[in-house]
Amino acid sequence: MHIDFNEQQVPDATTLLKFRHMLEANKLGEKIFADVNNRLDKAGLMMHGGTIVDASLIAAPKSTKNQDGKRDPEMHQTKKGNEWYFGMKVHAGVDAGSGYVHTITGTSANMHDVSETANLIREDDELVYGDSGYLGAVNQPAIKDDEKKSRIEFRVNKRPSSHFSL
């Protein structure tokens, strides 16, 4: 943005929000993300062959005290551990060799992590790493019924409750 903090003020929240809405309306965020990934790939910084998959919850306001008097219909609630969350999930596919994010998707919070796995895998991936939220990924129709994706090796952590102690 070429802001010289010694001479200029940081834009206020309204200005940043308008800028964000302009990016969203023109789908520029996706284009910038694709361009950065393309540049990383051309520079030889993406290793390919393996992906780490994970998801994070993003909270949304629960309040209905807004202009429409309603909650955002795309947001839902989910329980993680013993706590309830309202919002959405961001799912990320990360290059296992470099740690750079190559794919991002968003869903409502109540979507299970494993349901987005197929969308986070690249064409040349041979190995996928994930936490216990990705158990059963090989049984997802988008993976099981795909000739290439069905041959990928999945290394998924077991749930802590499935470990035995001596």
Side-chain angles (χ1 to χ4, degrees), residues 1-125 128-134 137 140 142-143 146 149 156-157:
M1 293 177 69
H2 301 286
I3 298 173
D4 182 349
F5 294 109
N6 292 321
E7 297 178 16
Q8 297 171 293
Q9 286 188 322
V10 176
D12 63 17
T14 303
T15 303
L16 292 174
L17 186 62
K18 286 180 182 178
F19 181 69
R20 182 181 133 210
H21 288 308
M22 185 270 305
L23 289 174
E24 290 171 349
N26 293 292
K27 300 201 181 299
L28 293 175
E30 291 93 337
K31 292 175 184 173
I32 292 168
F33 185 73
D35 183 58
V36 168
N37 271 322
N38 189 31
R39 290 170 189 258
L40 290 171
D41 201 20
K42 283 185 179 177
L45 297 172
M46 287 285 201
M47 307 313 290
H48 293 277
T51 288
I52 301 167
V53 292
D54 203 6
S56 295
L57 290 165
I58 299 175
K62 295 178 190 176
S63 174
T64 58
K65 295 179 182 175
N66 55 32
Q67 224 173 0
D68 300 328
K70 298 177 183 173
R71 288 183 175 173
D72 186 332
E74 294 181 8
M75 305 296 158
H76 293 278
Q77 66 181 17
T78 190
K79 189 174 184 182
K80 184 175 181 178
N82 289 325
E83 292 191 47
W84 285 93
Y85 296 88
F86 180 76
M88 65 178 298
K89 269 187 188 173
V90 62
H91 304 265
V94 178
D95 183 72
S98 66
Y100 291 122
V101 175
H102 59 72
T103 308
I104 287 206
T105 63
T107 65
S108 59
N110 62 344
M111 289 292 292
H112 198 284
D113 297 358
V114 75
S115 64
E116 276 297 295
T117 310
N119 297 327
L120 304 175
I121 299 171
R122 298 174 292 189
E123 285 295 316
D124 61 354
D125 281 336
V128 173
Y129 301 92
D131 62 22
S132 60
Y134 296 90
Q140 292 293 307
I143 293 173
D146 183 279
K149 290 178 181 172
V156 179
N157 289 338

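What you see below is based on every heavy atom in this structure, not just the backbone, and it leaves out hydrogens, waters and symmetry mates. All figures in this text were calculated on a predicted structure; none of them were measured in a lab.
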Worksheet item: Crowded around Glu123 CD? As in, over 12 foreign heavy atoms under 6.0 Å?
Response: no
Discussion item. A side-chain contact here means heavy atoms from C-beta on lying under 4.5 Å apart; do Val156 and Asp131 qualify?
Written reply: no
Practice prompt. With sequence neighbours excluded, tell me which residues meet side-chain hydrogen bond (donor to acceptor under 3.5 Å, both in side chains) with Glu24.
Written response: Arg20, His21
Item to complete: Consider only side-chain N and O atoms of Asn110 and Ser108, and report whether a donor and an acceptor are under 3.5 Å apart.
Response: yes
Discussion item. Quick check for you: to the nearest 0.5 Å, what is the distance between Asp124 atom CG and Met46 atom CE?
Written reply: 10.5 Å
Mind listing the side-chain donor-acceptor pairs of residues 49-59 below 3.5 Å, one per line with the distance, residues two or more places apart or on another chain?
{"unit_1": "Thr51", "atom_1": "OG1", "unit_2": "His102", "atom_2": "NE2", "d": "3.0"}
{"unit_1": "Thr51", "atom_1": "OG1", "unit_2": "Asp125", "atom_2": "OD1", "d": "3.2"}
{"unit_1": "Thr51", "atom_1": "OG1", "unit_2": "Asp125", "atom_2": "OD2", "d": "2.5"}

Extract all donor-acceptor atom pairs below 3.5 Å that involve side chains of residues 83-90 and protein atoms in other chains or at least two apart in sequence.
{"unit_1": "Lys89", "atom_1": "NZ", "unit_2": "Met111", "atom_2": "O", "d": "2.9"}
{"unit_1": "Lys89", "atom_1": "NZ", "unit_2": "Asp113", "atom_2": "OD1", "d": "2.6"}

Worksheet item: Do Ile143 and Thr117 come close enough that some side-chain heavy atom pair is under 4.5 Å?
Response: yes
Worksheet item: Under the side chain to side chain contact (heavy atoms under 4.5 Å, CB included) criterion, do Tyr100 and Val94 qualify, and how do the steps go?
Response: CA-CA 6 Å; Tyr100 291 122; Val94 178; 5.9 Å; no
Worksheet entry | Side chains of Val36 and Leu40 in contact at under 4.5 Å (non-hydrogen atoms) | yes
Practice prompt. Please collect all salt bridge (charged side-chain N to carboxylate O under 4.0 Å, His left out) contacts where either partner lies in residues 36-45, sequence neighbours excluded, each pair once.
Written response: Asp35-Arg39
Practice prompt. Compare every heavy atom of Asn119 with every heavy atom of Thr103, then report the nearest pair and how far apart it is.
Written response: CG2-O, 3.4 Å
Discussion item. With salt bridge (charged side-chain N to carboxylate O under 4.0 Å, His left out) as the rule and sequence neighbours excluded, what pairs involving residues 90-101 come up?
Written reply: Asp95-Arg122
Discussion item. Show, in sequence, the C-alpha distance, side-chain angles and deciding distance for Ile104 and His91, and conclude whether the side chain to side chain contact (heavy atoms under 4.5 Å, CB included) test is met.
Written reply: CA-CA 6 Å; Ile104 287 206; His91 304 265; over 6 Å; no
Practice prompt. Under the side chain to side chain contact (heavy atoms under 4.5 Å, CB included) rule, what do Phe33 and Val101 come out as? Steps first, then yes or no, please.
Written response: CA-CA 9 Å; Phe33 185 73; Val101 175; 3.8 Å; yes
Item to complete: Would you mind reporting whether Phe19 and Thr15 have side-chain heavy atoms less than 4.5 Å apart?
Response: no
Worksheet item: For the atom pair CG (Asn37) and CD1 (Ile32), what is the distance rounded to the nearest 0.5 Å?
Response: 12.5 Å
Worksheet item: How would you list, by chain and number, every residue that makes a side-chain hydrogen bond (donor to acceptor under 3.5 Å, both in side chains) with His112, sequence neighbours excluded?
Response: none
